[in-house]
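Each remark here refers to the structure printed beneath this line.
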Amino acid sequence: MSTTEGRARPRASWDEYFMNIAREVSTRATCDRKHVGAVIVRDKSILATGYNGSIRGLPHCDEEGHLMEEGHCVRTVHAEANAIVQAARNGMRIEGASIYVTASPCWGCFRLIANAGITRIVFGEFYRDQKIFDVSQRIGIELVDFSKALSQ
């Protein structure tokens, strides 16, 4: 057991551990409107990570500015989508996995997560789309609001 000046250092739970990693992944994000990180995990092992950034080979928001449509920056691919794509590019099966995201998924990313077979979403803050709560219950995806744990 690790000690600091004679006291036991508290060990992070698995959810804390993977959410901390998602927060670190978010530091790679290139759209300053929202830095989001995602980590896909199964059996306590990281399968893929993603952050919001532009299409491969194209300029990022922090290089060329935002590409705005209807109040949203559409230059970037969202963190969840990038994590799913990374898993696919590397031939990694993610069915039955959990995804840790620093912000709750938008409706588009939620649909990708559901169709990828991910069964648990742990998010660090609520972001925008309330319908994910109802739909996750209907299709059996566990949705964990980790924002309260982060604020303690």
Side-chain angles (χ1 to χ4, degrees), residues 1-56 60-63 72-73 75-152:
M1 177 181 295
S2 177
T3 61
T4 305
E5 298 176 21
R7 294 178 303 220
R9 179 178 52 89
R11 190 171 185 199
S13 71
W14 286 109
D15 283 346
E16 290 168 330
Y17 175 72
F18 292 121
M19 188 57 76
N20 287 340
I21 293 171
R23 283 199 303 270
E24 188 64 28
V25 170
S26 76
T27 67
R28 293 281 306 151
T30 60
C31 182
D32 63 4
R33 289 175 53 84
K34 189 127 190 99
H35 288 211
V36 180
V39 178
I40 300 175
V41 174
R42 188 178 52 240
D43 298 329
K44 300 177 185 163
S45 294
I46 295 172
L47 305 176
T49 64
Y51 53 87
N52 51 325
S54 292
I55 295 171
R56 285 178 183 267
H60 294 280
C61 294
D62 58 6
E63 298 167 335
H72 302 286
C73 180
R75 183 178 303 282
T76 62
V77 178
H78 289 186
E80 305 92 323
N82 273 326
I84 291 168
V85 167
Q86 183 186 82
R89 287 176 59 97
N90 292 316
M92 187 66 60
R93 189 179 141 269
I94 59 175
E95 186 174 3
S98 297
I99 188 166
Y100 292 80
V101 192
T102 57
S104 62
C106 69
W107 179 239
C109 287
F110 178 83
R111 293 180 304 183
L112 290 174
I113 290 166
N115 279 358
I118 292 172
T119 57
R120 186 169 185 257
I121 302 169
V122 181
F123 64 91
E125 71 173 274
F126 175 72
Y127 178 68
R128 194 177 297 167
D129 208 321
Q130 193 67 36
K131 73 177 147 280
I132 66 171
F133 293 97
D134 176 52
V135 175
S136 66
Q137 278 191 320
R138 288 179 31 207
I139 62 176
I141 293 177
E142 182 184 359
L143 205 54
V144 179
D145 180 350
F146 208 64
S147 62
K148 292 165 187 63
L150 294 174
S151 63
Q152 294 176 357

Supply the atom-to-atom distance [X] [atom1] to [Y] [atom2], rounded to the nearest 0.5 angstrom.
X    : Y    : atom1 : atom2 : answer
S136 : E142 : OG    : CD    : 9.5 Å
D134 : I139 : CG    : CD1   : 10.0 Å
N52  : C61  : CG    : SG    : 8.0 Å
T102 : E24  : OG1   : CD    : 12.0 Å
T30  : E63  : OG1   : CD    : 7.5 Å
M19  : F123 : CE    : CZ    : 8.5 Å

Which heavy atom in [X] sits nearest to a heavy atom in [Y], and how many Å separate them?
X    : Y    : result
G37  : S26  : N-CB, 3.3 Å
A81  : L112 : CB-CD1, 3.8 Å
A116 : I84  : CB-CD1, 4.4 Å
Y127 : S104 : N-OG, 2.7 Å

Close side-chain approach of [X] to [Y], heavy-atom, < 4.5 Å:
X    : Y    : result
I118 : I141 : no
V122 : F18  : no
R128 : K34  : no
Q86  : I94  : no

Donor-acceptor list for residues 38-49 side chains, cut-off 3.5 Å, not counting sequence neighbours:
residue	atom	partner	partner atom	Å
R42	NH1	R93	O	2.6
R42	NH1	E95	O	3.3
R42	NH2	R93	O	3.1

What do you reckon, is CZ of R120 surrounded by more than 12 foreign heavy atoms closer than 6.0 Å?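 More than 12 within 6.0 Å, yes.
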Strictly by ring pair (Phe, Tyr, Trp, His ring centres under 6.0 Å), give each pair with a member in residues 21-41 just once, sequence neighbours left out.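 Listed once each, the pairs would be none.
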Got a sec, which residues hit salt bridge (charged side-chain N to carboxylate O under 4.0 Å, His left out) with [X], two or more places apart in sequence or on another chain?
X    : value
D62  : none
E16  : none
D129 : K131

Sub-3.5 Å donor-acceptor pair from the side chain of N82 to the main-chain atoms of V77, do we have one?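 Answer holds: yes.
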Might you work through the ring pair (Phe, Tyr, Trp, His ring centres under 6.0 Å) test for Y100 and Y17, ending with a clear yes or no? CA-CA 10 Å; Y100 292 80; Y17 175 72; 9.3 Å; no
Please report the C-alpha distance between D145 and S147 in whole Å, then the side-chain angles of each, then the deciding distance to 0.1 Å, and finally whether the side-chain hydrogen bond (donor to acceptor under 3.5 Å, both in side chains) criterion is met. CA-CA 6 Å; D145 180 350; S147 62; 2.5 Å; yes
Filter on side chain to side chain donor-acceptor pair (under 3.5 Å), then keep only pairs touching residues 106-117, sequence neighbours left out; what's left?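 As it turns out, there is no side chain to side chain donor-acceptor pair (under 3.5 Å) pair with a partner in residues 106-117 once direct neighbours are skipped.
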Which one of P105, C109, C106 satisfies the side chain to side chain contact (heavy atoms under 4.5 Å, CB included) criterion with I132?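 Only one option passes, and that is P105.
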